[in-house]
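In what follows, a structure is listed as structure tokens, so that the remarks can point back to it.
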Amino acid sequence: MSIVSSLSPRALAAPESGIVEVVNYARGREGLLPLWVGEGDLPTPDFISQAAMDALAAGETFYTWQRGIPELRQALSDYYTRHFGIRLAVEHFYVTGSGMQAIQIAVQALTSPGDELVYLSPSWPNIAAALEISGARSLSVELQFEGGKWAVDLNRIETAITPKTKGIFINTPSNPTGWTATKQDLGDILALARRHDLWIMADEIYARYYFAGGRAPSFLDVMEEGDKVIFVNSFSKNWSMTGWRVGWIAAPPAMGQVLENLIQYSTSGVAQFMQKGAVAALDQGDDFVAANIAKAARSRDILCDALVATNRVETLKPDGAIYAFLKIDGVADSRSAALDIVDKTGVGLAPGTAFGRGGELFLRACFLRDPAQVATAAERLCDYILKL
Ligand SMILES: Cc1ncc(COP(=O)(O)O)c(C=O)c1O
């Protein structure tokens, strides 16, 4: 038996990222405007890095709390009070090595092999892959694209539920579609979950990127004590910390020991000096996050206004998150279009094929970037589109 064929079938079945394929194709090209990956163009601000460096210099290099240092869990609790108007005691919070790891831990906590989790598609591909790798099954329910916007159909979710379903994964505002659940949607989904005794895994990492003002509606607005809702979240997007790999879970305190154990047997906890950086992000980062949100709002307007004006792009401005998921007339295969666009315009977009069912005809552009750069990208894309 060859080395590779002797590996776990689940590991072998893990899909290659369709975004990385395009990135690798054009990586390092001169003049490239990279709108393909979901991150901003700024490095982590100094006040965050300095806090981590100070902790490192002070010798904070030992094993630490599995659930997260008390200071960071307190800072998370305060953050929710400030920005969500909701008091969650520190016992709700668990620090993880990225949003991605928060998802892995939540998947491990909720599902056994063979269990199913329903999610809305098009979707950031990692949720389905994390489930499949763990032995659970991912069942997608397509959002509907109508009049340039996305909407959820509750009946479709209900139809997808089987006796094996353990939960529903909801990412709102959504990567890649920008679909943002209303409070009514969230209440309806929660009622559905209660009726079928299902978990909700809520990925609200883009909740602050909500362009109507304030933050996006959250399950926190509709749920009650005792509801089976687990939140996965991340420092990546709000505080420009994608490379740090720090995230968190907010979950019922009764899960504490189970989550602590799952963290113990994966990373055994996030480095203490990085957690000190995360404390600075939460306690001192409100202005930085506000500037990031304002930048995203401006760049969203520039990109979407220019593209819609070609009359060849159906997508309207998304209500939330940091992506325009573009349906361009004449694009029938988004993978080859992404390769062609990067060759001809020097603008890097992610192909919709990477985001599963319902995304095949779309291209994703991340607009958390300098508005002047986004304006240049928009100009080049408009030229390209008008020649199609
Ligand atoms: C919807 C969603 N959830 C979770 C993550 C994970 O973030 P990270 O692993 O960088 O913390 C991402 C990253 O792109 C995302 O888009």
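We use all heavy atoms of the structure for the numbers below, so side chains are in, but hydrogens, waters and symmetry mates are not. Start at 1 and go down the list; that is how both ligands and their atoms are numbered.
Residue Ser234 approaches ligand 1 through these ligand atoms, each under 4.0 Å from one of its heavy atoms: 7 (O), 8 (P), 11 (O). Near Ser98, the atoms of ligand 1 lying under 4.0 angstrom from a non-hydrogen atom of the residue are 9 (O), 11 (O).
Between Asn171 and ligand 1, not a single N/O pair is under 3.5 Å apart. Between Tyr206 and ligand 1, at least one pair of N/O atoms sits closer than 3.5 Å. Remark: ligand 1 and Ile205 share no N or O pair separated by less than 3.5 Å (distance only, no angle test). Residue Val246 places no N or O, backbone or side chain, under 3.5 Å from any N or O of ligand 1.
Contacts between Ser236 and ligand 1, counted as non-hydrogen atom pairs separated by less than 4.0 Å, involve the side chain only.
Distances from ligand 1 to the non-hydrogen atoms of Gln101 include no value under 4.0 Å. Lys237 counts as a contact of ligand 1, since one of its heavy atoms falls under 4.0 Å from the ligand.
No hydrogens or angles considered: nothing links the side chains of Asp78 and Thr81 as a donor-acceptor pair under 3.5 Å. Side-chain contact check for Glu132 and Ser138: at least one donor-acceptor pair (N or O, by modelled atom type) lies under 3.5 Å.
The closest non-hydrogen atom to atom 2 (C) of ligand 1, taken over Asn175, Thr242, Asp203, comes from Asp203.
Ile105 and Trp124 fall within a single hydrophobic cluster, where Ile, Leu, Val, Met, Phe, Trp and Tyr are joined by side-chain heavy atoms under 4.5 Å apart, directly or via other members.
With Glu71 as reference, Lys276 is the one residue of Gln275, Lys276, Gln272 to meet the side-chain contact (heavy atoms from CB on, under 4.5 Å) rule. With Trp150 as the partner, the side-chain contact (heavy atoms from CB on, under 4.5 Å) test is satisfied by one option alone out of Thr180, Thr177, Leu316: Thr177.
The protein non-hydrogen atom at the shortest distance from atom 5 (C) of ligand 1 is Trp124 CH2, 3.3 Å. Counting only heavy atoms of the protein, atom 9 (O) of ligand 1 lies nearest to Arg245 NH2, 2.7 Å.
The minimum heavy-atom distance linking Lys237 with Tyr323 is given by the pair NZ-OH, 3.8 Å.
Sparse packing is recorded around CD of Glu16, with 12 or fewer heavy atoms of other residues, nucleotides or ligands lying under 6.0 Å away.
Ser121 places no side-chain N or O within 3.5 Å of a backbone atom of Ser140 that could act as its donor or acceptor partner.
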